[in-house]
Student: 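Here's a structure for you.
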Amino acid sequence: MSLNKQIRDWQGRRVWLVGASTGIGLACAQALRAAGALVVVSARKPQGVLDWAAQDAGVQWRALDVCDGTQVHHTAQALLAEGPLDMVIYAAGYYQAQRAQAMDLANLLQHDRVNYQGALQVIHAVLPSMLARRSGHISLLSSVAGWRGLPNGLAYGPTKAALTHLAETLYIDLQDPGIGVSVINPGFVATPLTAQNQFTMPALISPEEAAREMLKGWAQGQFDIHFPKRFTLWLKLLRLLPYRLYFPLVRKFTGL
């Protein structure tokens, strides 16, 4: 059963993708543009985006630091002045492995500012317009790392858990006004963030494959878009285990 309106025709749809300088965000922006969407790409650093935007009138670049609430507000208002936004995708992310034995409070708070508070800033800026139109879709890029506690995830995992919880609550509140909400929960994707990992990542996929999965999920009207299934379905089973079984299994398979 579809929990959202199925989005199969992207022609002319206006999408603001926040956090798209590299990785999943950029690949998704490019896939949406190839499908016919008008794409506005925002991130703190342009990296590989500017050349692409310069060659295609259907792509706009707007520099944005999601930690700056005033800048988020002004950017959103400028975009809305040019026309409605059919979808807003929050893909900004920050990741550094951290364990409790070496707790770094400043780093913990930076994860929260980018991964969670930035999403709140963007949603706060665009939601009134969607409510007024009774139309639109908000999609949040979370992670399977937020499903249960994992080693090295002290800083990253809790922010993604918060993002998933936020998406669930938004869905409940915004279903009647006709606004779609979805949460993206990828496994391991080959991006600059995951390149920091010092271990073999199971079921590793490319950003382009991740983007295809996202578009497929929106086309099916899914709320929880998770992939690759050969990995994420096992993690969903782990979520059902009681703690007395879960904790020993994590220690055994991670060696930590």
Student: Should Arg148 and Val250 count as side-chain neighbours, where that means a heavy-atom distance under 4.5 Å?
Tutor: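 No - every pair of side-chain heavy atoms lies 4.5 Å or more apart.
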Student: Would you say the side-chain atoms of Arg33 and Gln30 include a donor-acceptor pair closer than 3.5 Å?
Tutor: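 Side chains of Arg33 and Gln30: no pair found under 3.5 Å.
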Student: Tell me, please, which residues at least two apart from Arg13 pass salt bridge (charged side-chain N to carboxylate O under 4.0 Å, His left out).
Tutor: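 Arg13 satisfies salt bridge (charged side-chain N to carboxylate O under 4.0 Å, His left out) with no other residue.
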Student: Does any non-hydrogen side-chain atom of Trp52 lie less than 4.5 Å from one of Leu26?
Tutor: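 Yes, at least one pair of side-chain atoms sits under 4.5 Å.
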Student: Do Val66 and Gln121 have side chains that approach each other closer than 4.5 Å (heavy atoms only, starting at C-beta)?
Tutor: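 The answer is no, as the side chains (C-beta and beyond) never meet within the 4.5 Å cut-off.
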Student: Treat each ILVMFWY residue as a node, draw an edge where side-chain heavy atoms are under 4.5 Å apart, and state whether Val49 and Val39 are in one component.
Tutor: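 Linked, Val49 and Val39 end up in one cluster.
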Student: Nearest 0.5 Å, what's the CE-OG distance between Met214 and Ser182?
Tutor: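 Met214 CE to Ser182 OG: 8.0 Å, rounded to 0.5 Å.
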Student: Kindly work out whether a path of hydrophobic side-chain contacts (I/L/V/M/F/W/Y, heavy atoms less than 4.5 Å apart) joins Leu249 to Trp147.
Tutor: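 Hydrophobic grouping puts Leu249 with Trp147.
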Student: Which residues satisfy the ring pair (Phe, Tyr, Trp, His ring centres under 6.0 Å) test with Phe247, sequence neighbours excluded?
Tutor: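 Ring pair (Phe, Tyr, Trp, His ring centres under 6.0 Å) list for Phe247, sorted by chain: Tyr243.
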Student: Short question: side chain of His111, backbone of Gln96 - any donor-acceptor pair under 3.5 Å?
Tutor: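 Yes; at least one donor-acceptor contact below 3.5 Å.
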Student: Restricting to ring pair (Phe, Tyr, Trp, His ring centres under 6.0 Å), what partner residues turn up for Trp61, sequence neighbours left out?
Tutor: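 Ring pair (Phe, Tyr, Trp, His ring centres under 6.0 Å) check on Trp61 returns nothing, list empty.
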Student: Would you say the side chain of Leu174 lies within less than 4.5 Å of the side chain of Met130, judging by non-hydrogen atoms?
Tutor: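 No, too far: nothing below the 4.5 Å cut-off.
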Student: Using the test side-chain hydrogen bond (donor to acceptor under 3.5 Å, both in side chains), find all partners of Glu208 that sit at least two apart in sequence or belong to another chain.
Tutor: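 Glu208: no side-chain hydrogen bond (donor to acceptor under 3.5 Å, both in side chains) contacts found.
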Student: Going by the side chain to side chain donor-acceptor pair (under 3.5 Å) test, which pairs reach into residues 230-241, not counting sequence neighbours?
Tutor: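 Qualifying pairs: Asp224-Lys236, His226-Thr232.
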Student: Check whether Tyr246 and Phe253 end up in the same hydrophobic cluster, where Ile, Leu, Val, Met, Phe, Trp and Tyr are linked by side-chain heavy atoms less than 4.5 Å apart.
Tutor: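 Yes, Tyr246 connects to Phe253 through the hydrophobic network.
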Student: Tell me if a side-chain donor or acceptor on Ser142 pairs with a main-chain N or O of Asn185 at a distance below 3.5 Å.
Tutor: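 Not a single qualifying donor-acceptor pair exists.
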Student: When clusters are formed by joining ILVMFWY residues with side-chain heavy atoms under 4.5 Å apart, either directly or through shared neighbours, do Tyr95 and Leu108 land in the same one?
Tutor: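 Tyr95 does not cluster with Leu108.
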Student: Please list all pairs meeting salt bridge (Lys or Arg N to Asp or Glu O under 4.0 Å) that have one or both residues in residues 81-96, counting only residues at least two apart or in different chains.
Tutor: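 Checked against salt bridge (Lys or Arg N to Asp or Glu O under 4.0 Å) - neighbours excluded - the pairs reaching residues 81-96 are Arg14-Glu82, Arg62-Glu82, Asp86-Arg133.
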Student: Going by side-chain contact (heavy atoms from CB on, under 4.5 Å), name the residues that satisfy it together with Ala91, two or more places apart in sequence or in a different chain.
Tutor: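 For Ala91 the side-chain contact (heavy atoms from CB on, under 4.5 Å) partners, ignoring immediate neighbours, are Leu17, Leu141.
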Student: Do Leu64 and Trp16 have side-chain heavy atoms sitting under 4.5 Å apart?
Tutor: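 A side-chain contact under 4.5 Å exists here.
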Student: Side-chain contact, heavy-atom cut-off 4.5 Å: Leu166 with Leu120?
Tutor: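 Yes, close enough: below the 4.5 Å cut-off.
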Student: Going by the rule side-chain hydrogen bond (donor to acceptor under 3.5 Å, both in side chains), which residues pair with Ser143 if we only count those two or more places apart in sequence or in a different chain?
Tutor: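 So Ser143 forms no side-chain hydrogen bond (donor to acceptor under 3.5 Å, both in side chains) with any residue.
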Student: Once salt bridge (charged side-chain N to carboxylate O under 4.0 Å, His left out) is applied, do any residues pair with Asp65, and if so which ones, sequence neighbours excluded?
Tutor: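 If we apply the salt bridge (charged side-chain N to carboxylate O under 4.0 Å, His left out) test to Asp65, skipping adjacent residues, there are no hits.
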Student: So, does Asn4 use its side chain to make a donor-acceptor pair with the main chain of Val181 at under 3.5 Å?
Tutor: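 Between the backbone of Val181 and the side chain of Asn4 there is a qualifying donor-acceptor contact (under 3.5 Å).
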Student: Taking only residues two or more places apart in sequence or in another chain, which ones pass ring pair (Phe, Tyr, Trp, His ring centres under 6.0 Å) with Phe227?
Tutor: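 Applying ring pair (Phe, Tyr, Trp, His ring centres under 6.0 Å) to Phe227 gives none.
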Student: Indicate, with yes or no, if Leu215 and Leu38 share a hydrophobic cluster defined by side-chain heavy-atom contacts under 4.5 Å among Ile, Leu, Val, Met, Phe, Trp and Tyr.
Tutor: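 Leu38 and Leu215: separate clusters.
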Student: By ring pair (Phe, Tyr, Trp, His ring centres under 6.0 Å), which residues pair with Tyr116, not counting sequence neighbours?
Tutor: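 For Tyr116 there are no ring pair (Phe, Tyr, Trp, His ring centres under 6.0 Å) partners, ignoring immediate neighbours.
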Student: For the CZ atom of Arg99 and the CG atom of Asp104, what is their distance to the nearest 0.5 Å?
Tutor: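 Arg99 CZ to Asp104 CG: 15.5 Å, rounded to 0.5 Å.
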Student: To the nearest 0.5 Å, what is the distance between CG (Leu238) and CG (Leu233)?
Tutor: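 Going from the CG atom of Leu238 to the CG atom of Leu233 covers 11.5 Å.
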Student: Does Ser139 reach the side chain of Ile184, with side-chain heavy atoms less than 4.5 Å apart?
Tutor: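 A side-chain contact under 4.5 Å exists here.
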Student: Main chain of Val126, side chain of Ser129: is a donor-acceptor contact present, judged purely on distance under 3.5 Å?
Tutor: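 No.
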Student: May I have all residue pairs that pass salt bridge (Lys or Arg N to Asp or Glu O under 4.0 Å) and include part of residues 159-185, sequence neighbours excluded?
Tutor: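 Found none.
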Student: Using atom types as modelled and distance alone, determine if a side-chain donor or acceptor of Tyr90 lies under 3.5 Å from a backbone N or O of Leu163.
Tutor: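 A pair under 3.5 Å: no.
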Student: Using a cut-off of 6.0 Å, state whether more than 12 heavy atoms not belonging to Lys216 lie near its atom NZ.
Tutor: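 At most 12 heavy atoms, drawn from other residues, nucleotides or ligands, come within 6.0 Å of this atom.
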Student: Considering only heavy atoms from C-beta outward, does the side chain of Trp218 approach that of Leu32 to under 4.5 Å?
Tutor: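 In contact.
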